[in-house]
Amino acid sequence: MKSNKENLYANIYEIVRLIPEGKVTTYGAIAKAIGLGSGARVVGYAMNASHTENVPAHRVVNRNGQLTGKHHFPHATTMEDLLKKEGVKVVADQIVDFEQHFWDPASLEGEI
DNA sequence: AGCATGACGATCG
DNA sequence: GCGATCGCCATGC
């Protein structure tokens, strides 16, 4: 495996796309899943570029369960609206029972 | 080639 | 417990 940066972003997009409805994950978890380990910022940067892809970036939050990237959506309420629509309760830009809705991408790192 | 920035995370004070 | 700082990796100028 070389430094396939495209593959890197592709991995991120693929993992985010595989997030089940009503589930969420963190930037750090994705970063670790793709091998960056501590490249959570890179994941966030990838999300910023993911607007061109059909990626449910609204299911990705920071490790506190806060909707830190809500301002990057078409509407500031788009993110929490989509999450609520999928069954995830959001209060004060924060996911309720975050660990209950948390989904670990490592669960299918062997299925990709 | 070096500096600055970012949808983060962890540690230090 | 909270605020500030450093580290991490990739991108832009």
Side-chain angles (χ1 to χ4, degrees):
Chain A
M1 296 291 276
K2 306 290 185 181
S3 56
N4 303 321
K5 60 180 181 181
E6 289 187 26
N7 195 344
L8 177 67
Y9 275 48
N11 280 327
I12 297 174
Y13 298 151
E14 179 147 6
I15 289 174
V16 176
R17 271 185 216 151
L18 290 173
I19 300 175
E21 287 188 11
K23 295 288 183 179
V24 294
T25 189
T26 67
Y27 301 97
I30 296 173
K32 189 176 182 180
I34 62 177
L36 288 178
S38 302
R41 309 184 82 155
V42 181
V43 178
Y45 205 93
M47 292 291 93
N48 196 356
S50 70
H51 73 97
T52 57
E53 305 281 341
N54 292 330
V55 178
H58 61 274
R59 294 180 187 151
V60 183
V61 296
N62 71 343
R63 73 132 189 133
N64 289 313
Q66 292 182 284
L67 311 185
T68 55
K70 58 175 285 181
H71 288 286
H72 293 265
F73 282 81
H75 256 300
T77 56
T78 302
M79 192 170 185
E80 61 179 82
D81 186 54
L82 288 170
L83 289 173
K84 287 179 182 177
K85 202 184 227 176
E86 295 180 357
V88 180
K89 296 177 182 176
V90 179
V91 177
D93 300 338
Q94 187 171 320
I95 295 177
V96 182
D97 297 329
F98 172 61
E99 43 183 276
Q100 186 177 326
H101 296 288
F102 178 74
W103 174 82
D104 190 352
S107 301
L108 30 73
E109 70 181 23
E111 299 188 33
I112 288 179

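Just so it is clear, the values below take in all heavy atoms, side chains as well, and ignore hydrogens, waters and symmetry mates. Protein chains get the first letters and strands the later ones, always in sequence-line order, with residue 1 at the start of each.
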Between the base of C:dA10 and the side chain of A:Tyr45, is there any donor-acceptor pair under 3.5 Å? no
Does C:dG1 have a Watson-Crick or wobble partner in any strand here, with both distances under 3.5 angstrom, and which is it?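 Pairing partner: none.
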Partner lookup for B:dG2, please. Criteria are Watson-Crick or G-U wobble with both distances under 3.5 angstrom; report none if nothing qualifies.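 Base-paired to C:dC13.
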What does A:Asn62 touch in the nucleic acid at a heavy-atom separation under 4.0 angstrom: a base, only the sugar-phosphate, or nothing?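 Contact class for A:Asn62: sugar-phosphate only.
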Within the 4.0 Å heavy-atom criterion, would you say A:Ala49 contacts the bases, only the backbone, or no part of the nucleic acid? nothing
Roughly, in whole Å, what's the span from [atom1] in [X] to [atom2] in [N]?
X: A:Phe73; N: B:dA7; atom1: CZ; atom2: P; result: 13 Å
X: A:Tyr13; N: C:dA10; atom1: OH; atom2: C1'; result: 12 Å
X: A:Tyr9; N: B:dA7; atom1: OH; atom2: C1'; result: 12 Å
X: A:Ile19; N: B:dA7; atom1: CD1; atom2: C1'; result: 13 Å
X: A:Asn64; N: C:dC2; atom1: CG; atom2: C1'; result: 13 Å
X: A:Tyr27; N: B:dA7; atom1: OH; atom2: P; result: 9 Å
X: A:Ile12; N: B:dG6; atom1: CD1; atom2: C1'; result: 14 Å
X: A:Arg63; N: C:dC8; atom1: CZ; atom2: P; result: 19 Å

A:Thr68, nearest nucleotide to its side chain (from B:dA10, B:dC8, C:dA10):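 Selected nucleotide: B:dC8.
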Verify the contact: side-chain N or O of A:Ser38 to OP1 or OP2 of B:dA10, cut-off strictly under 4.0 Å; return yes or no. no
Report yes if a side-chain nitrogen or oxygen of A:Arg41 is closer than 4.0 Å to either non-bridging phosphate oxygen (OP1 or OP2) of B:dT5; otherwise report no. no
Evaluate the side-chain proximity of A:Leu83 to A:Leu67: yes if any heavy-atom separation is below 4.5 Å, no if none is. yes
Are A:His72 and A:Met47 close enough that some pair of their side-chain heavy atoms sits under 4.5 Å apart? no
Should A:Tyr27 and A:Ile95 be regarded as members of a common hydrophobic cluster, given that ILVMFWY residues are connected when their side-chain heavy atoms come within less than 4.5 Å of each other, either directly or indirectly? no
Transitively linked via ILVMFWY side-chain contacts under 4.5 Å: A:Val61 with A:Trp103?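 No.
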Check: A:His101 side chain, A:Gly22 main-chain N or O, donor-acceptor pair, under 3.5 Å: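 Checking the backbone N and O of A:Gly22 against the side chain of A:His101, a donor-acceptor pair under 3.5 Å is found.
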